[in-house]
*Asks:* 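Once you've had a glance at the structure underneath, I'll fire off some questions.
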Protein chains: 2
Amino acid sequence: MKRPTVTIKEIAKLLNVSKSTVSRALRDSSEISTETKKRVLELAEQLHYAPNPIALSLLKNKTQTIGVIVPDIANRFYSSVIGGVEDISYSRGYHTMIYQSHELLERELAVTRHLALRRVDGLVVAISSQSEHVDHFNDLQEQGIPVVYFDRVNELMASHKVQVDDYKGSFEATEHLIAQGCKRIAHIAGPKQVSISRNRLEGYLDALRKYKLEIRDEWMLHTEITQAGGTERTYQLMAMRDRPDAIFGASERITMGIHLALRQLGYRMPDDVAVVGFCDLAMSMLMDPPVTSVTQPSFAMGQQATTLLLDLIESNNTPVVFETRVLPSNLLIQGSSLRKS
Amino acid sequence: MKRPTVTIKEIAKLLNVSKSTVSRALRDSSEISTETKKRVLELAEQLHYAPNPIALSLLKNKTQTIGVIVPDIANRFYSSVIGGVEDISYSRGYHTMIYQSHELLERELAVTRHLALRRVDGLVVAISSQSEHVDHFNDLQEQGIPVVYFDRVNELMASHKVQVDDYKGSFEATEHLIAQGCKRIAHIAGPKQVSISRNRLEGYLDALRKYKLEIRDEWMLHTEITQAGGTERTYQLMAMRDRPDAIFGASERITMGIHLALRQLGYRMPDDVAVVGFCDLAMSMLMDPPVTSVTQPSFAMGQQATTLLLDLIESNNTPVVFETRVLPSNLLIQGSSLRKS
DNA sequence: CTGAAAGCGCTTACAG
DNA sequence: CTGAAAGCGCTTACAG
């Protein structure tokens, strides 16, 4: 049943020329006669010849393939980034392999090793929240496989980075809560070691400072980037003698958890507690009330990271200085925080 | 800066033996002296030698890699299936490449072509809603690349299939609505050409028949599998002179749209309109009220499809008869349809 | 027990 | 303009 694949060799035999000639004709080399080219091309077409990319990879040590590693593809932010990656890589003739680290350093290492062996031409990566170092990626770069980072970035990364203006997004979100008259604003942040958690926390703190609102340690909680984490911390916050009158969630999952917990506990949003989060638009609109969100240009992040990566791949010399692009976030005000004055 | 990769050739040179010997030692062949093996293994270890999988692929026409094609990775159902696929393939020493068709036949064809050339060992596929034929996959199978289908299956597929008991899930969901006292039950189905849409429609119809409820053509609407589709159709339904008192959505996206539309239009669930859908548990719990859902064992579907695929790959002979596994769905009753009696 | 040779599918200097 | 040869990294009959 197996239909054998057509190779250059067969075409050569059928046409009574050498493999070299066929190869050259196929690549439209100028040193082949128009006549020969025509015969080769016609037969190739007829036989549905397609070059074997594996043979080419072995030869060139290139695969025309880039890898993307994200913590979790089910997360809308990442799946939308992947959309942007595919958009650019597809249009520039590359293929995209998608991998998840499941937020585990161990999986990230395994995937990295695999991709290095498979000779992907480059990588677009959001590191796992467990990854405190990026030696494995730096190794890759030394092997000549460029990496571009997005979303989660840190100072150890010796490459291009694309991130969102977390600090500013967070500052504005907090400022908005203050403008709504909230005085006791809590923040549920992601893990401490994740850079974006720190930036978002800073933005929150600076806004409180600017408007001289009370800063309380017990209102700044860290948790895993999960819905359950958000729910748990909300219970913790609302159980306090001095309850917050607003909660700002540092990620979509966390914010979903906050929303759920407040509903379970019988609070009304925004009047009892105002809520703001870093959410995807589509997601925030599904909630009741819809959640005021710091939205991130995820698709564009994927596009920009990929453009940087392909440029890196296609220029043979390493750039002297790496670029960090900071894309603007956007505050979308919804019912969860908008109080009728 | 580029650190060259270690090859068998170098090890051979350093040890003053032939490449053949190194290769054999590495594969622990019985015809190599323990002494030589030890020297080779030690040096390989020291040099961090890893075999080049591309060379092996070229040689064996095998890649130890399987592909998954789903319409959309952002869909929780599919991302959870992918989790199950990864679980099995990882534990059996295979790698997983994830691709999306974006519900476009054209993209599905491009991906299929690419995977065939890249010599994946097999494929786990949920076809796009545009795909009315599966010739491209049957071609693949003729080339010796087995395919296992899940979720969206049809009669044209000459292979193993893993699906959920759509008909029964749909029947039970409708029965539940009837038990809640609903009399005018509408159904918003997916595209007609998708098999699961048809099965779900049948389950709905048979339940109505069994309990002798009114069946009305204008209460059975088809739409794309999108939230916007669900919203649009709900507006259409609720605008009718004879409004339904329950709406059953054939997919998660559609059901989200129904929920949103009803809230926008000011209806209360479940009292004005009861709602049931095919949703992911985590998703349905986020809604207010939470949505009664026919939940599917998505992770298990991925596991089973992958087990079938790897067995197919590893047994050289095509099985005489293909298996269709039908996994049970589960009705999870929530606030959107549960009326206090 | 070990090595030389052929080959997987392709490209590309090197000759002619 | 065309072909023979070498080589990408590996494996495996075939000799010895």
Side-chain angles (χ1 to χ4, degrees), chain A residues 2-41 43-44 47-65 114 116-121 143-144, chain B residues 2-41 43-44 47-65 114 116-121 143-144:
Chain A
K2 304 205 183 187
R3 192 173 37 180
T5 334
V6 198
T7 69
I8 267 191
K9 204 169 152 187
E10 290 174 71
I11 297 184
K13 199 191 294 171
L14 287 170
L15 253 35
N16 261 319
V17 294
S18 73
K19 290 189 308 176
S20 329
T21 303
V22 175
S23 170
R24 289 191 185 103
L26 253 16
R27 337 203 78 240
D28 199 28
S29 156
S30 61
E31 40 181 353
I32 299 291
S33 72
T34 332
E35 166 65 13
T36 312
K37 259 186 208 167
K38 188 153 160 273
R39 290 173 58 216
V40 171
L41 257 23
L43 186 57
L47 262 38
H48 296 108
Y49 170 79
N52 183 331
I54 298 185
L56 290 177
S57 299
L58 187 58
L59 216 52
K60 314 231 172 185
N61 231 350
K62 285 277 168 189
T63 52
Q64 287 288 317
T65 301
H114 174 234
L117 290 171
R118 279 246 112 73
R119 305 289 193 279
V120 289
D121 296 344
Q143 280 175 52
Chain B
K2 303 208 181 184
R3 193 173 38 183
T5 334
V6 197
T7 70
I8 268 192
K9 203 167 152 189
E10 289 175 70
I11 298 184
K13 200 189 295 174
L14 287 169
L15 252 35
N16 260 318
V17 295
S18 73
K19 290 188 309 177
S20 329
T21 303
V22 175
S23 171
R24 289 190 183 104
L26 253 15
R27 337 201 79 240
D28 201 26
S29 155
S30 60
E31 39 179 354
I32 299 291
S33 73
T34 332
E35 166 66 12
T36 312
K37 259 187 209 167
K38 189 153 159 275
R39 290 172 58 215
V40 170
L41 257 24
L43 186 58
L47 263 37
H48 298 108
Y49 170 79
N52 182 331
I54 297 185
L56 290 177
S57 299
L58 187 58
L59 217 52
K60 313 231 172 184
N61 232 349
K62 285 277 170 190
T63 52
Q64 287 288 316
T65 301
H114 174 233
L117 291 172
R118 278 245 111 73
R119 306 289 191 278
V120 289
D121 296 346
Q143 281 176 51

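Just so we're clear, the structure is a prediction, and the values are computed from it rather than from any experiment. Throughout, protein chains are lettered first and strands after them, A, B, ... in sequence-line order, and every chain is numbered starting at 1.
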*Asks:* What is the distance from CG of A:L56 to C1' of C:dT11, rounded to the nearest Å?
*Replies:*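 The distance from CG of A:L56 to C1' of C:dT11 comes to 8 Å, rounded to the nearest Å.
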
*Asks:* What's the CD1-C1' distance between A:I54 and D:dC8, to the nearest Å?
*Replies:*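 Answer to the nearest Å: 14 Å.
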
*Asks:* On a whole-Å scale, what distance lies between the P atoms belonging to D:dA4 and C:dG7?
*Replies:*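 Those two atoms are separated by 15 Å.
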
*Asks:* Just to be sure I understand the rule, does A:T36 reach a base, reach only the sugar-phosphate, or reach nothing, if contact means heavy atoms closer than 4.0 Å?
*Replies:*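 A:T36: backbone/sugar contact only, no base atoms under 4.0 Å.
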
*Asks:* Whether the side chain of A:D121 engages the backbone of A:K62 through a donor-acceptor N/O pair (distance < 3.5 Å, no angle test) should be reported.
*Replies:*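 No: the side chain of A:D121 does not pair with the backbone of A:K62.
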
*Asks:* Check this for me: does the side-chain of A:R119 come within 3.5 Å of the base of D:dG9 through a donor and an acceptor?
*Replies:*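 It does not, because no donor-acceptor pair links the side chain of A:R119 to the base of D:dG9 below 3.5 Å.
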
*Asks:* Verify the contact: side-chain N or O of B:T21 to OP1 or OP2 of C:dT2, cut-off strictly under 4.0 Å; return yes or no.
*Replies:*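 For C:dT2, OP1/OP2 do not have a side-chain N/O of B:T21 under 4.0 Å.
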
*Asks:* Which part of the nucleic acid does A:L59 contact within heavy-atom distance under 4.0 Å: base, sugar-phosphate only, or nothing?
*Replies:*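 A:L59: base contact, heavy atoms under 4.0 Å.
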
*Asks:* Starting at the 5' end of DNA chain C, which residue's closest nucleotide do you reach first, B:V17 or B:N61?
*Replies:*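 Closest to the 5' end, via its nearest nucleotide, is B:V17.
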
*Asks:* Quick one: which of C:dG9, D:dC10, C:dT12 gets closest to the side chain of A:S23?
*Replies:*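 Out of C:dG9, D:dC10, C:dT12, the nucleotide with an atom closest to A:S23's side chain is C:dT12.
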
*Asks:* Is there a side-chain contact between A:S33 and A:T36 (heavy atoms, below 4.5 Å)?
*Replies:*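 Of all side-chain heavy-atom pairs linking A:T36 with A:S33, at least one is under 4.5 Å.
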
*Asks:* Going through the checks in order, is the side chain to side chain contact (heavy atoms under 4.5 Å, CB included) test met by A:Y49 and A:I8?
*Replies:* CA-CA 8 Å; A:Y49 170 79; A:I8 267 191; 3.5 Å; yes

*Asks:* What is the separation between atom NZ on B:K9 and atom C1' on C:dG3, rounded to the nearest whole Å?
*Replies:*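 Rounded to the whole Å, the gap is 16 Å.
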
*Asks:* Can you tell me the distance, in whole Å, between the CD atom of A:E35 and the P atom of D:dC1?
*Replies:*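 After rounding, the gap between these two atoms is 12 Å.
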
*Asks:* Please work out if B:R27 contacts a base, only the sugar-phosphate, or nothing of the nucleic acid, heavy-atom cut-off 4.0 Å.
*Replies:*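 Sugar-phosphate: the residue B:R27, judged by heavy atoms under 4.0 Å, touches backbone atoms but no base.
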
*Asks:* For A:I8 and for B:S20, locate the closest nucleotide of DNA chain C by heavy-atom distance; then report the residue assigned to the nucleotide nearer the 5' terminus.
*Replies:*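 It is B:S20 whose nearest nucleotide is closer to the 5' end.
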
*Asks:* With distance as the sole test, does B:R24 use its side chain to make a donor-acceptor pair with the main-chain N or O of B:I32 at under 3.5 Å?
*Replies:*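 Judged by distance alone, no pair lies under 3.5 Å.
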
*Asks:* Base, sugar-phosphate alone, or nothing: which one does B:K19 contact when heavy atoms must sit under 4.0 Å apart?
*Replies:*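 Here B:K19 touches the bases of the nucleic acid.
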
*Asks:* Touch check for A:S33, heavy atoms < 4.0 angstrom, all strands: base, sugar-phosphate only, or nothing?
*Replies:*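 It contacts sugar-phosphate atoms only.
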
*Asks:* To the nearest Å, give me how far apart CZ (B:R24) and C1' (C:dT2) are.
*Replies:*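 About 7 Å, once rounded to whole Å.
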
*Asks:* Please check this pair: side chain of B:R118 against backbone of A:I54, looking for a donor-acceptor N/O pair closer than 3.5 Å.
*Replies:*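 Between the backbone of A:I54 and the side chain of B:R118 there is no qualifying donor-acceptor contact (under 3.5 Å).
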
*Asks:* Rounded to whole Å, please give me the gap between CG in B:N52 and C1' in D:dG9.
*Replies:*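 Computing the B:N52:CG to D:dG9:C1' distance gives 6 Å.
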
*Asks:* Does C:dA4 have a Watson-Crick or wobble partner in any strand here, with both distances under 3.5 angstrom, and which is it?
*Replies:*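 Pairing partner: none.
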
*Asks:* Can you identify which nucleotide, out of D:dT2, D:dC10, C:dT11, has its nearest atom closest to the A:K60 side chain?
*Replies:*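 The nucleotide sitting nearest to the side chain is C:dT11.
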
*Asks:* Starting from P on C:dC8, measure out to CD on A:E10 and report it in whole angstrom.
*Replies:*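 Going from CD in A:E10 over to P in C:dC8 covers 11 Å.
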
*Asks:* Give the rounded distance in Å between these two atoms: NZ of A:K37 and C1' of D:dT2.
*Replies:*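 After rounding, the gap between these two atoms is 14 Å.
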
*Asks:* Mark yes or no for whether A:T65, through its side chain, and A:T63, through its backbone, hold a donor-acceptor pair below 3.5 Å.
*Replies:*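 Yes, A:T65 side chain to A:T63 backbone: donor-acceptor pair under 3.5 Å.
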
